[in-house]
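Read through the structure below, which is laid out as structure tokens, and then see the notes.
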Amino acid sequence: MDARFVVPLLLPIDKPRPRAYHASLAMATDAAVSKDGLVIPLIDFAKFLHGSPDERAATARAVLDGFQTAGFIYLRNYAIPADVVRNTFGRSADFFQLPLDAKLAVGWTTPEANRGYSSPGREKVSTLLDSADIEKVRAAAPDLKESFEIGRESDPHFANPWPADEGRLNGFRADMLDFHDMCQALHKHVMRAIALGMGLDEGFFEPFVDVGDNTLRLLHYPAVKADVFKVNPGQVRAGEHSDYGSVTLLFQDSRGGLQVKSPTGQFVDATPIEGTVVINAGDLLARWSNDTIKSTIHRVVEPPRKEGVEYPARYSIALIETLPGTYASPKDKKYEGIKSGDYLVQRLTATY
């Protein structure tokens, strides 16, 4: 994990915007979610990837505005083919259908490595920071999910634990690494859009994301009895939390259950939209921008529909970028400087 410190962003991004700015946003976006004061934009990212200078600038402003107001955006036409996403979900299902002992053989080990399989109930995401407090919440209502974390293959200190490349998992490793690289490329484009939207040089973030210290996270929410959420009203598939890194690329299946906290304090459904990826800002990006970008609380709850007496399994795939440490200016800073490695290890230690 990179432990560099980054320069503060001393940017006039809170000043009132002219009418032309808001008009360009309206041209660049639709609303994927609009409820209880929460508006999550749906952005055609092809206009940034392949558009004219004016289209690229308008799309970049829409991306930044979405992160500043909602902390979440939806992207369509984001340059990862639909068949690749479908294949990745299929390969993810192949892994989670392995016997438990085979999954435990490639188990998650330490916060420093943050690689491998985590069984249901082991991780408890929350807004809490103290491990003892998290343990109390975990005992009352463990998260109903399991995961498999995949990091940069070329990391000199930590190796990815891979299941045997045979049977249904033949080619699994190659497919996951290919998808990791595609997501890393998309992540770089998103960071370029943020920089352009802020009025920075488009390559401003390149020195901080070029190594590729990303985590590809395969998530499986197993099928559960429909009454589990009634028996324990506090039960969720993933508790309310913010993400720890800079941005998360979230690929959802069609089951639903993701909810985002609105400015009024209500949780609003972030309904899956076919052909899109949901992207949210994390705590490190919020710190980096002195909280002008939002790291919004979200959770995964009881799905909106069930089939028979069970809620079916749900899958999602997330790529989380871990930016270097961040500090604001001595005059305006809200946080002390912190190394990203130390910060993420601290949060992961409490979570697992």
Side-chain angles (χ1 to χ4, degrees), residues 32-33 40-46 48-49 59-60 62-64 66-67 70-89 91-92 114 125 145 147-152 175-195 197 205-206 208-220 238 241-254 257-258 260 270-286 288 293-296 298 300 314-323 340 344:
V33 175
I40 303 178
L42 172 59
I43 301 169
D44 183 355
F45 205 53
F48 180 79
L49 296 174
T59 306
V63 168
L64 178 62
F67 285 138
F72 276 73
I73 62 175
Y74 283 61
L75 292 187
R76 63 187 176 195
N77 299 324
Y78 52 88
I80 298 179
D83 62 336
V84 172
V85 177
R86 285 193 297 270
N87 179 67
T88 305
F89 273 102
R91 302 318 307 269
S92 175
N114 191 32
V125 291
K145 69 177 187 300
S147 65
F148 185 61
E149 321 279 339
I150 301 166
R152 175 166 59 96
D175 285 347
M176 291 302 105
L177 292 177
D178 284 347
F179 190 69
H180 184 284
D181 290 347
M182 291 182 190
C183 290
Q184 183 187 350
L186 174 57
H187 165 252
K188 288 182 178 181
H189 285 303
V190 171
M191 298 306 293
R192 293 180 75 87
I194 293 172
F205 292 105
E206 292 293 323
F208 310 115
V209 300
D210 59 352
V211 174
D213 278 328
N214 310 87
T215 299
L216 177 61
R217 171 173 238 213
L218 308 181
L219 278 163
H220 174 222
H241 64 285
S242 59
D243 289 347
Y244 309 151
S246 66
V247 297
T248 300
L249 315 179
L250 180 62
F251 301 84
Q252 301 189 76
D253 68 9
S254 61
L258 174 66
V260 179
T271 303
I273 298 176
E274 186 175 358
T276 69
V277 57
V278 176
I279 305 181
N280 64 280
D283 297 343
L284 282 178
L285 187 57
W288 196 344
I293 286 175
K294 298 181 183 299
S295 179
T296 304
H298 52 286
V300 180
R314 178 183 188 270
Y315 291 87
S316 68
I317 300 168
L319 184 95
I320 306 166
E321 160 62 14
T322 55
L323 275 176
S340 65
L344 292 170

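In this text the structure is predicted, and so the values were computed from the model without any measurement.
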Report the distance from atom CE of Met191 to atom CG of Leu186, rounding to the nearest 0.5 Å.
-> 12.0 Å
Reported NZ-to-CZ distance for the pair Lys145 and Arg217, which is rounded to 0.5 angstrom | 6.0 Å
Compute the ring centroids of Tyr78 and His189, then answer whether they are less than 6.0 Å apart.
-> no
Mind checking what makes side chain to side chain donor-acceptor pair (under 3.5 Å) contact with Asp181, not counting sequence neighbours?
-> none
Would you check if Val84 and Met182 make a side-chain contact, meaning some heavy-atom pair closer than 4.5 Å?
-> yes
Would you say the side chain of Phe179 lies within less than 4.5 Å of the side chain of Val85, judging by non-hydrogen atoms?
-> yes
Flag the pair Thr215 / Ile150 as yes when at least one side-chain heavy-atom distance between them is below 4.5 Å, and no otherwise.
-> no
For side chain to side chain contact (heavy atoms under 4.5 Å, CB included), just list the numbers for Ser92 and Met176, CA-CA rounded to whole Å, side-chain angles, deciding distance to a tenth of an Å, and then say yes or no.
-> CA-CA 9 Å; Ser92 175; Met176 291 302 105; 5.8 Å; no
Which heavy atom in Ser242 sits nearest to a heavy atom in Ser295, and how many Å separate them?
-> CB-OG, 3.4 Å
Do you know the tightest heavy-atom contact between Ala32 and Ile273?
-> CB-CD1, 3.8 Å
In a check of side chain to side chain contact (heavy atoms under 4.5 Å, CB included) between Cys183 and each of Asp178, Ile80, Val277, which one passes?
-> Ile80
Would you check if Val190 and Leu75 make a side-chain contact, meaning some heavy-atom pair closer than 4.5 Å?
-> yes
Begin with the C-alpha distance, continue with both residues' side-chain angles, and end with the deciding distance and a verdict on side chain to side chain contact (heavy atoms under 4.5 Å, CB included) for Leu250 and Ile279.
-> CA-CA 6 Å; Leu250 180 62; Ile279 305 181; over 6 Å; no
From Asp175 atom CG to His180 atom NE2, the distance as rounded to the nearest 0.5 Å | 14.5 Å
Locate the shortest heavy-atom distance separating Ser246 from Leu285; write the atom from each residue and the value.
-> O-CB, 3.4 Å
Closest non-hydrogen atom pair between Leu42 and Arg76, with its separation | CD2-NH1, 3.8 Å
d(Leu258 CG, Gln252 CD) to nearest 0.5 Å is 5.0 Å
Residues Glu206, Arg192; criterion side chain to side chain contact (heavy atoms under 4.5 Å, CB included); working and verdict | CA-CA 8 Å; Glu206 292 293 323; Arg192 293 180 75 87; 3.0 Å; yes
Mind checking whether Ile43 and Tyr74 have side chains closer than 4.5 Å, heavy atoms only?
-> no
Contacts of Phe148 that satisfy ring pair (Phe, Tyr, Trp, His ring centres under 6.0 Å) - sequence neighbours left out = Phe95
So Ile293 and Leu64, side chain to side chain contact (heavy atoms under 4.5 Å, CB included) or not? Walk me through it.
-> CA-CA 8 Å; Ile293 286 175; Leu64 178 62; 4.1 Å; yes
Any side-chain heavy atom of Phe72 within less than 4.5 Å of one from Lys294?
-> no
Please round to the nearest 0.5 Å and tell me the distance separating atom CZ of Phe251 and atom CG of Leu218.
-> 11.5 Å
Phe45: what forms a ring pair (Phe, Tyr, Trp, His ring centres under 6.0 Å) with it, not counting sequence neighbours?
-> Phe48
What pair of heavy atoms forms the shortest contact from Gly197 to Ala60, and how long is it?
-> N-CB, 3.7 Å
Could you tell me the separation between the OG1 atom of Thr296 and the CG atom of Asp243, rounded to the nearest 0.5 Å?
-> 10.0 Å
Say whether Glu274 and Thr276, considering side chains only, have a donor N or O and an acceptor N or O under 3.5 Å apart.
-> no
